[in-house]
Every structure is written in structure tokens, then in C-alpha cells.
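A short worksheet on the structure shown next.
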Protein chains: 2
Amino acid sequence: MTSANFTAAENAIDFGAQQIRDALREAIVERRLAPGTKLSENDVGSLFNVSRTLVRAALQALAYEGLVNVEKNRGAFVAHPSVAEAQQIFATRRLIEPSVIRDAARHIQKAEIKDLRELLAQEERLTNQRGATARRAEIKASGDFHLAIAAITGNAILKRFMDELIARSSLVIALYGQSVISSCGHNEHQEIVDALEKKDVESACALMLKHIDHIEADLDLRTTKKGGDLRDALQL
Amino acid sequence: MTSANFTAAENAIDFGAQQIRDALREAIVERRLAPGTKLSENDVGSLFNVSRTLVRAALQALAYEGLVNVEKNRGAFVAHPSVAEAQQIFATRRLIEPSVIRDAARHIQKAEIKDLRELLAQEERLTNQRGATARRAEIKASGDFHLAIAAITGNAILKRFMDELIARSSLVIALYGQSVISSCGHNEHQEIVDALEKKDVESACALMLKHIDHIEADLDLRTTKKGGDLRDALQL
DNA sequence: CCTGCCTAGATTGTATACGATAATAGGCAT
DNA sequence: ATGCCTATTATCGTATACAATCTAGGCAGG
């Protein structure tokens with residue numbers, strides 16, 4: 001095997017299915033891979049210097065998470081959520097996240113509040129930076145905030161559900177988001193942490209709901225499904 | 001390969017990964033496969049007359065659902081939820097299902113109430129039957145009731161989350177359930193449907209919460225994790 | 001010039017082959 | 001008899017090979 005001049009081989013890193021999955025996942029969530037992009041097994045495989053076997057495993061996992069669609073005999077594509085899916089994703093978030101933050105508010109400890117504040121600081125830093133990479137990092141950071149709250153509950157299952165919802169939200173925002181101001185108003189995150197610190201459970205809950213509403217309000221879901229498909233065809 | 005006297009070969013049905021996954025899933029949920037049972041790739045493959053490739057795909061998917069654990073270089077085993085996991089599963093159900101039934105209560109229509117009543121009738125029929133197969137069908141039916149409610153919301157994502165929670169609940173009940181009376185009190189299901197029919201959202205919500213509490217109360221989670229592993233070793 | 005069919009190439013679906021790792025059994029020393 | 005070590009075996013991890021399917025481009029007919 002030509003282990004000479006490939007970056008992957010240079011670094012001598014051996015990629016497993018898990019790492020491929022994570023790498024693709026991150027690329028999708030940070031929107032470096034546009035929705036609809038085809039993920040050819042060969043191409044991805046040669047990128048990571050692994051056989052199609054591992055790539056397939058990674059793609060199947062991502063398909064289960066809803067981040068890619070695998071069409072039989074056609075291949076895997078970065079998911080392209082329909083308007084209906086987008087609505088369901090946010091409807092689910094509205095159902096779950098208030099419960100999550102209630103649970104988190106009960107369990108939260110000082111160290112965890114400090115961690116959240118650090119995340120906020122990181123977000124602010126990125127907001128003030130400019131450039132594409134900073135924007136991408138900001139997207140991820142704003143999602144990570146919601147995930148950090150889910151992590152506080154100590155409930156691994158809930159955390160995984162949130163992982164999925166946040167990842168898919170990122171796709172929806174990529175497709176239907178209007179303002180460039182990525183996903184989350186940073187201030188709202190801050191207000192939520194303030195409420196958590198005061199152990200004001202109801203406020204935190206209400207703020208979270210309003211926050212989700214704001215995110216969704218920034219979407220343009222009026223587009224008819226047909227129009228979406230047409231645009232899709234043009235993009236491909 | 002002795003392709004002569006296997007039922008799979010006789011029926012000449014071609015199994016795909018999806019069908020293998022579903023078959024295993026059903027077997028696990030109906031508790032025909034005890035928690036801890038090893039699912040060897042070779043064995044499963046020869047059972048379905050397919051190569052390990054497809055079996056692996058199915059097992060990976062089930063692993064993602066939390067129904068099997070895959071241990072590196074050791075194989076896949078029917079999941080054996082710890083007490084902590086069991087608590088998380090039910091904690092998550094308590095968080096989500098009230099929201100689900102609230103959403104369902106809003107969207108529900110007459111035809112769907114009728115469908116639910118049919119499910120109840122089916123449950124009752126099975127309760128009155130005796131025999132192992134009837135018990136297994138009853139287990140599945142009682143879970144299907146919760147899934148049917150989730151389906152009413154029309155939210156595919158929520159439905160999938162519930163699929164996972166119900167399936168894993170079945171495992172937990174298999175491990176820690178005390179009374180033989182499987183999982184759900186049938187009466188409670190009926191009361192919930194009654195409340196739904198009256199559009200009494202709050203009652204339905206409260207009943208559901210109480211119902212989940214009852215299911216969990218029937219568990220014996222005092223068992224130390226160590227004891228569980230010991231029993232596991234004996235069962236194998 | 002456009003439309004429909006047909007062949008060639010590319011891509012996925014599945015099976016198999018080989019290498020790596022962990023479980024197991026047997027022998028040896030204590 | 002017991003405990004440790006080693007050789008064997010079985011199972012998993014990954015790559016590759018072959019079959020099936022889809023896509024694209026060209027050619028003939030209208």
C-alpha cells in the first residue's frame with residue numbers, strides 16, 4: 001500500500017469507523033458539507049485511507065442519526081431535511097428541552113455553572129472574530145451549549161437524543177436560516193445560565209422555550225416543499 | 001453449507017440487513033432472547049443464510065438503539081441494562097411521555113381513538129389467554145400501546161425516540177420485573193384512552209405519569225449490579 | 001434537432017478471504 | 001491439587017473480490 005505521501009498516512013493515524021463517523025459528523029454539523037452532498041464510499045474511503053467497509057459502517061450510523069440519507073443502490077447523501085422534518089425537529093425540541101432544563105436545574109452544581117460560563121465566554125470570543133472558520137466554530141459552540149445543559153442531567157439517553165436533535169437542527173438552519181447570525185442569540189444563552197444560577201427553574205424553562213422559538217423564527221419555512229426539491233435538483 | 005432443512009431456506013425468503021435487524025429486535029423485545037445472550041455473527045448469519053456482512057450491519061444498528069452491546073473483539077450481546085441505565089430509561093420516559101400525550105391529545109381524531117380501542121381489545125384478549133406465546137405477544141402489545149400514542153403526534157422523530165425507550169424498557173422489565181403480570185396494567189391504558197376521548201388533556205397526562213410510576217414500581221432495582229452479573233453468568 | 005434505446009462505466013450490495021485479538025484447554029512446575 | 005504459562009481455536013476486524021444496479025453518453029430513428 002502506498003503509505004508514502006498521504007496526509008493520513010503521514011500522521012500515521014489509523015482511522016476506525018468511529019473516527020470517520022465523528023469526522024463526517026463534525027463536517028456536517030459545522031456545515032462544511034452542504035446538505036445534499038453525495039458521500040461516495042470510494043471517495044470517503046480514499047480520503048481516510050480505509051476500505052469501503054468502514055466507510056459504510058460510518059455512513060449507516062450517520063443515517064440512523066438522521067444526518068445522511070442512504071438511498072438504495074444510489075449512495076449516501078448529506079441529509080436535506082424537508083420543511084416537515086424541520087418542523088418536527090423543532091417541535092420535538094420544544095417538547096423535550098424544557099423538561100431537560102428543569103431536570104438540569106435541579107441537579108446543577110457550582111462547577112457546572114462555571115463550565116457553562118466558560119462556554120458562553122468561548123461563544124462570545126467567536127462572535128467577535130470574523131472569518132469562515134470562526135463562523136463554523138460558532139455554529140458548533142452554540143449547539144454545544146444546549147448539549148452541555150443536557151449533559152448536566154447525567155442522563156445518557158437524554159443526552160443522545162439531544163445530540164441528534166442539535167445536529168439535525170444545524171442542518172435545518174443551514175437550509176432555511178435567514179440571518180447570517182448563525183443559530184442562537186448569544187444573549188439568550190446568558191440569560192438562561194443566569195436563571196440556572198439563581199435556581200429559578202421556571203424562568204430557565206420559559207427562557208429556553210422562548211429561545212427555541214427565536215431560533216425557529218429565524219427560519220424561512222414558507223418555502224413550498226416543491227420549491228425545496230427543485231432547488232435541490234439545481235444544487236446537485 | 002447445509003441449505004436443506006432450515007426454515008429460512010425452505011421459505012426461500014431473501015433476508016436483507018433490515019429484516020434481520022427487525023427479527024432480532026422483535027425477539028429481544030418479546031424477550032425470547034434473554035439479556036446477555038451472545039449473538040455470534042456466524043450463528044446469526046447461518047440462521048438467516050446470509051454472510052456476516054449483513055449481520056454486522058444489523059447488530060450495529062441494534063447497538064445504536066441500545067438493544068445490544070458490541071464489545072470489541074468479543075462480539076455482540078443482548079443488552080443487559082444496569083440499574084443506572086434502567087433508572088435513566090424510566091426517567092427519560094417520565095420526561096417525554098407526558099409531553100407526548102399532551103401533543104397527541106391535541107391532534108387525536110376519532111379514527112385514532114378507535115384504533116387505540118382496538119389495541120386495548122387485543123391486549124385484553126391476550127391477557128385472558130395463557131401460554132408463553134401469549135405472554136410474549138402481551139409484552140409487545142403493551143409496548144405498542146405507548147407507541148401508538150406517540151404515532152398519533154405525527155412526529156416521526158418523537159416516534160423513533162419512543163421506539164427506543166419502549167424497546168429498552170422491555171429489557172429492563174425482563175431483568176428487574178417482579179410480578180409476572182408483564183409490564184403494563186391494562187386498566188391504566190384504558191383509563192388513558194378514556195381521558196383522551198374526553199379531550200381531557202391534563203387527566204391523560206397525569207394518568208400517563210402515574211402509569212409509568214406503576215411500571216417502575218414493579219421493578220426491583222435494589223439488586224446490586226454485582227448480583228446481576230452473577231446471575232448473568234449462571235444464565236449463560 | 002429532438003427523442004428513445006442501448007451499451008459502457010461507475011457505484012453500491014453482498015460474500016468471501018485473510019490477519020488480529022481474545023477465549024480456552026492442556027501441560028508443566030510448584 | 002493448584003496455579004501459571006503456552007498453544008490452539010474460535011471469533012471478530014478489515015480488506016478485497018465479484019455481482020447487481022444505476023448513470024451517462026452515443027447512436028439510430030423520427
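Lettering follows sequence order; numbering is per chain, from 1. Values in this document were obtained by computation on a predicted structure and should not be read as measured data.
Ring geometry for His146(A) against His211(A) counts as parallel: the plane angle stays under 30°, on a 0 to 90° scale with 60° as the upper cut. Classification of the Phe48(A)-Phe15(A) ring pair by plane angle, with boundaries at 30° and 60°, yields perpendicular.
Here the nucleotide nearest the side chain of Arg56(B), chosen from dC22(D), dT21(C), dT14(D), is dT14(D). Taking only side-chain atoms of Ser40(B), from C-beta outward, the nucleotide of dT12(C), dC12(D), dT16(D) with the closest atom is dC12(D). In this structure, of dT21(C), dT11(D), dT14(D), it is dT11(D) that holds the atom nearest to the side chain of Lys38(B). Among the nucleotides dA17(C), dC22(D), dA17(D), the one closest to the side chain of Arg52(B) is dA17(C). Side-chain atoms of Asn73(B) lie closest to dC12(D) of the nucleotides dT12(C), dC12(D), dT16(D). Among dT12(C), dA23(C), dG13(D), the nucleotide with an atom closest to any side-chain atom of Arg74(B) is dA23(C).
Salt-bridge check for Glu30(A) with Arg136(A): failed, with every basic side-chain N at 4.0 Å or more from each acidic carboxylate O. A salt bridge links Glu164(B) with Arg168(B): the closest approach of a Lys/Arg side-chain nitrogen to an acidic carboxylate oxygen falls below 4.0 angstrom.
Dashed line: the shortest gap from a side-chain N or O of Ser51(B) to OP1 or OP2 of dA15(C) is under 4.0 Å.
Rounding to whole angstrom units, CZ of residue Phe15(B) and C1' of dA15(C) are separated by 18 Å. With rounding to whole Å, Glu71(B) atom CD is found 17 Å from dT21(C) atom P. Regarding Leu54(A), its CG atom lies at a distance of 11 Å from the P atom of dG13(D), rounded to whole Å. Gln19(A) places its CD atom 15 Å from the P atom of dG13(D), with the value rounded to the nearest Å. Atom CD1 of Ile20(B) is separated from atom P of dT14(C) by 9 Å (rounded to the nearest Å). Rounded to an integer number of Å, the gap from Asn49(A) CG to dT14(D) P is 15 Å. When the P atom of dT12(C) is taken as reference, atom CD of Gln60(A) falls 13 Å away, rounded to whole Å. The CD atom of Gln18(B) sits 13 Å away from the P atom of dG13(C) (whole-angstrom rounding).
A cation-pi contact, defined as under 6.0 Å to the ring centre and within 45° of the axis, links Arg160(B) to Tyr64(A).
Nearest-nucleotide mapping onto DNA chain D: of Lys72(A) and Gly16(A), the residue sitting toward the 5' end is Gly16(A).
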